Amino acid sequence: MRDHSYNIAIDGPAGAGKSTIARAVAARMGLIYVDTGAMYRAITLFLLREGVDVTDAGAVEEKCRKADVTIRYENGEQVVLLNGENVNPYLRTEEVSRTTSVVSTQKSVREKLKELQQKLARESDCIMDGRDIGTCVLPHADVKIFLTASSLVRAKRRYAELTARGESCDLEQIQRDIEERDYRDMHREVSPLTQAEDAVLVDTSDMTVEQVIGRIVELCGR
Ligand code: DC
């Protein structure tokens, strides 16, 4: 019997396929999937609704005291509750995505969410995805993966997703947005996106989803 919960940390840039892969690995291995990006998005939604200037560290810290973020699982899916309200339907808009990359640079927000994430990992066997899980939130995770893909491959995947939804978009613009977001995530002062020393790099540029899942399950020794 292990005396602690089993934790897999999966980090990497936007669009590398972390959530698809983490969700599938969770199902296969009987773990809970914790999507930490959704928590940053929920705090961002709260700040947008409150009309807070998200670049103002003092205002953000003060307002965030009134934001209670918790999660619950329904049919294996993570539901984010913001002051008791299920906010999942509002987390994926362009405005929230763009603003979250600024809000996630705020130290007070990172500290608040880190505590919640560590509590979840203590309580459950889980695979947690984000940007700083292996380096900062769960430095003692059992397995650490750094999942990446070239910016062109990531842009093409996003382009296919948007076109399938009937939205018109421009591949080059998407690639530029992805590169800008990578730059911000990798160069921020607090918990920048970096590969932990003991993380295994998995480049998914030329891999199918099934191959990536297989590789991770194998790395977990299952
Ligand atoms: O994974 P995602 O696209 O839902 O993440 C949304 C934003 O939140 C993205 O700009 C990076 C940030 N984020 C973070 O800084 N740390 C995490 N652990 C998860 C997400």
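Please read all numbers here as calculations on a predicted model, not as lab measurements. FYI, side chains are in, hydrogens and waters are out, and symmetry mates aren't considered; it's all heavy atoms of this structure. When a ligand or atom number is given, it counts from 1 through the structure's own listing order.
Remark: side-chain polar atoms of Lys63 are not paired, donor with acceptor, to backbone N or O of Phe46 under 3.5 angstrom. In this structure, the side chain of Asn88 engages the main chain of Val80 through a donor-acceptor pair within 3.5 Å. Using modelled atom types, one side-chain atom of Ser5 and one backbone atom of Ala121 make a donor-acceptor pair closer than 3.5 Å. With hydrogens and angles ignored, the 3.5 Å screen pairs a side-chain donor or acceptor of Asn83 with a backbone N or O of Asp68.
Of all atoms in ligand 1, numbered sequentially from 1 with element shown, those under 4.0 Å from a heavy atom of Ser101 are 10 (O). Of all atoms in ligand 1, listed by their number and element, those nearer than 4.0 Å to a heavy atom of Gly130 are 17 (C), 18 (N), 19 (C). The ligand atoms of ligand 1 that sit less than 4.0 angstrom from a heavy atom of Arg188 are 14 (C), 15 (O).
Nearest-residue assignment for atom 13 (N) of ligand 1 (options Arg184, Lys114, Arg131; heavy-atom criterion): Arg131.
Of the residues listed (Leu82, Val103, Val54), the one engaging Ile43 in a side chain to side chain contact (heavy atoms under 4.5 Å, CB included) is Val103, and it is the only one. The side-chain hydrogen bond (donor to acceptor under 3.5 Å, both in side chains) test with Asp177 is passed by exactly one of Gln175, Gln173, Arg181: Gln173.
Residue contacts with ligand 1 for Asp185 involve side-chain atoms from C-beta outward but no N, CA, C or O (heavy atoms, distance under 4.0 Å). At a 4.0 Å heavy-atom cut-off, ligand 1 touches Arg181 through the side chain alone.
Shortest contact from atom 12 (C) of ligand 1 to any protein heavy atom: Ser104 OG, 3.6 Å. Scanning the protein heavy atoms around atom 20 (C) of ligand 1, the nearest turns out to be Gly37 CA, 3.7 Å. Of all protein heavy atoms, the one lying nearest to atom 7 (C) of ligand 1 is Thr100 CG2, 3.4 Å. The protein non-hydrogen atom at the shortest distance from atom 4 (O) of ligand 1 is Arg41 NE, 2.8 Å.
Polar contact with ligand 1: present for Asp132 (N/O pair, distance under 3.5 Å). Considering backbone and side-chain N/O atoms, Thr36 comes within less than 3.5 Å of an N/O atom of ligand 1.
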Evaluate Glu62 against Arg65 for salt bridge (Lys or Arg N to Asp or Glu O under 4.0 Å), listing each step before the verdict.
CA-CA 6 Å; Glu62 170 69 29; Arg65 294 203 190 107; 3.1 Å; yes

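Residue contacts with ligand 1 include Arg110, since one or more of its heavy atoms lies under 4.0 Å from the ligand.
The salt bridge (charged side-chain N to carboxylate O under 4.0 Å, His left out) contacts involving residues 199-210 comprise Arg28-Glu210, where partners must be two or more places apart or lie in separate chains.
Under the rule for a side-chain contact (heavy atoms from CB on, under 4.5 Å), the partners of Thr100 that lie at least two apart in sequence or sit in another chain are Tyr40, Arg41, Thr44, Val96.
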